[in-house]
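Written below as structure tokens is the structure these notes are about.
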Amino acid sequence: MIFPLPGIWACSGELVNRRDHITYRRHRRKVGPMKIGIIGAGNIGGNLTRRLTALGHDVSVANSRGPQTLTALAEETGATPVTAAEAARGAQIVVITVPVKAVPALPSGFLDGAAEGVVVIDTNNYYPQQRDGRIAAIEDGLAESRWTEEQIGHPVIKAFNGTYAQDILSNGLPKGSPSRQALPVAGDDSAAKHVVRDLIDELGFDTVDAGGLDESWRQQPGTPVYGHQGGAEAVAKALAEASPERTAEWRA
């Protein structure tokens, strides 16, 4: 295996030292279904709803138009349609998968009713020309998910942002499969990151620890790993080859 960067470790669930092991054990979820809130029911949010309910998790899903517009998805999956203000209630994991420009409009205090130690996953990408308009802090070099973290006032783990939505449905494979696809995961909280990596493993994918949130630019749009469908070694190599300079296509 090639690990060109400090902190990049391929495959799910690795423990690098005793201290991390203690943290991991303390925060690791109990065996069995989790309560998961998904805010955003587009391609990524909808397919995560489909897969996570199929795995037996208790999923609440929200969008910007209200639960009455999620009837078909609820009937298909068994997920509970809710408002964005209710999606995190009791949740152990919350997935934010709305356009970046919509993050500041999330309901105030939407995480207040979440379970203690809730893990928040940010799947978002900044598309200034295509959708989001100019966000000065991101243009000035702030990592996209760090900006999201500042808007919601809670740490986030960046994952699923460079994944094709269809991959979530069709590309999952059993652990140990030689052609298993890997997803990069970035964040500052090692325990929260382990929870997310375990969830991704359950979905049928390996993971690569992409470092802290300030390093998450390595998996933003325009980088070698964005849209990558390779295994852990190839994903780690792509992360290492990323440049922090945004190309013209991904600047306002």
Side-chain angles (χ1 to χ4, degrees), residues 5-9 23 27 37-40 44-45 48 84 88 91 93-112 114 117-163 183-197 199-200 207-228 235-236 238-247 249-252:
L5 288 176
I8 292 184
W9 295 85
T23 302
H27 289 81
I38 298 178
I39 302 177
I44 294 291
L48 283 174
I93 293 177
V94 173
V95 181
I96 297 176
T97 182
V98 300
V100 169
K101 66 180 181 180
V103 169
L106 291 172
S108 177
F110 73 97
L111 291 172
D112 289 351
V118 61
V119 174
V120 178
I121 300 173
D122 174 32
T123 79
N124 297 333
N125 292 306
Y126 173 53
Y127 298 124
Q129 297 178 36
Q130 300 87 348
R131 181 188 66 192
D132 296 313
R134 178 183 176 85
I135 298 176
I138 298 178
E139 292 289 335
D140 290 342
L142 189 67
E144 297 167 6
S145 288
R146 181 69 75 193
W147 182 85
T148 294
E149 181 179 86
E150 292 179 355
Q151 303 308 303
I152 69 172
H154 191 283
V156 305
I157 303 296
K158 189 177 188 75
F160 300 109
N161 71 291
T163 311
L183 308 183
V185 180
D188 298 330
D189 184 330
S190 60
K193 195 184 294 184
H194 276 304
V195 171
V196 176
R197 295 178 75 183
L199 185 71
I200 292 172
T207 57
V208 175
D209 188 332
L213 208 60
D214 288 333
E215 290 290 308
S216 64
W217 55 265
R218 294 182 181 277
Q219 63 195 78
Q220 291 176 174
T223 61
V225 83
Y226 183 71
H228 204 295
V235 166
L239 287 166
E241 293 172 346
S243 168
E245 183 176 352
R246 289 180 179 274
T247 60
E249 181 182 3
W250 307 109
R251 296 199 303 266

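All values below come from the heavy atoms of this structure, side chains included, with hydrogens, waters and symmetry mates left out.
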On a heavy-atom basis, the closest approach of Val100 and Asn125 is CG2-O, 3.1 Å
Nearest heavy-atom approach of Glu249 to Gln129 is O-NE2, 3.1 Å
For residues 134-144, the side chain to side chain donor-acceptor pair (under 3.5 Å) pairs (sequence neighbours left out) are Tyr126-Glu139, Glu144-Arg246
| Ignoring hydrogens and geometry, is there a side-chain-to-backbone donor-acceptor pair from Lys158 to Thr123 under 3.5 Å? | no
Less than 4.5 Å apart, side chain to side chain, heavy atoms only: is that true for Ile39 and Val95?
no
To the nearest 0.5 Å, atom CG of Leu213 lies from atom CG of Asp122 at 8.0 Å
Correct closest heavy-atom pair for Ala159 and Val185 would be CB-CG2, 4.3 Å
Under 3.5 Å, is there a donor-acceptor pair between the side chain of Asn124 and the main chain of Val98? yes
Heavy atoms of Ile44 and Thr163 approach each other most closely as CD1-O, 3.5 Å
Using 30° and 60° as the class boundaries, would you call the ring planes of Tyr127 and Trp250 parallel, tilted or perpendicular? tilted
**Message:** Please evaluate residues Val225 and Arg218 with respect to the criterion side-chain contact (heavy atoms from CB on, under 4.5 Å), reporting the C-alpha separation (whole Å), side-chain torsions for both, the decisive distance (0.1 Å), and the verdict.
**Reply:** CA-CA 8 Å; Val225 83; Arg218 294 182 181 277; 5.9 Å; no
Residue set satisfying salt bridge (charged side-chain N to carboxylate O under 4.0 Å, His left out) with Asp132, at least two apart, ordered chain then number -> none
#### Entry: Any donor-acceptor pair under 3.5 Å from Thr207 side chain to Pro184 backbone
no
Side chain to side chain contact (heavy atoms under 4.5 Å, CB included) test vs Val120 passes for just one of Val196, Asp189, Ile152, Thr148, namely Ile152
### Query
Please walk me through it: do Val118 and His154 pass side-chain contact (heavy atoms from CB on, under 4.5 Å)?
CA-CA 9 Å; Val118 61; His154 191 283; 3.6 Å; yes
**Asked** So, does Lys193 use its side chain to make a donor-acceptor pair with the main chain of Gly211 at under 3.5 Å?
**Response** yes
The reported gap from CD1 in Ile93 to CG in Leu48 (rounded to nearest 0.5 angstrom) is 10.5 Å
Min side-chain heavy-atom separation Thr223-Glu241 under 4.5 Å: no
Phe160 and Ile200 have their tightest heavy-atom pair at CZ-CG1, 3.6 Å
The reported gap from CD in Gln219 to OH in Tyr226 (rounded to nearest 0.5 angstrom) is 11.5 Å
Rounded to the nearest 0.5 Å, the CG atom of Asp188 sits from the OG atom of Ser145 at a distance of 10.5 Å
Scanning both residues in full, the closest heavy-atom pair of Val156 with Glu149 reads N-OE2, 3.2 Å
Output for pair (Glu245 CD, Arg251 CZ), nearest 0.5 Å, gives 6.5 Å
Rounded to the nearest 0.5 angstrom, the CD1-CD1 distance for Ile96 and Ile121 is 10.0 Å
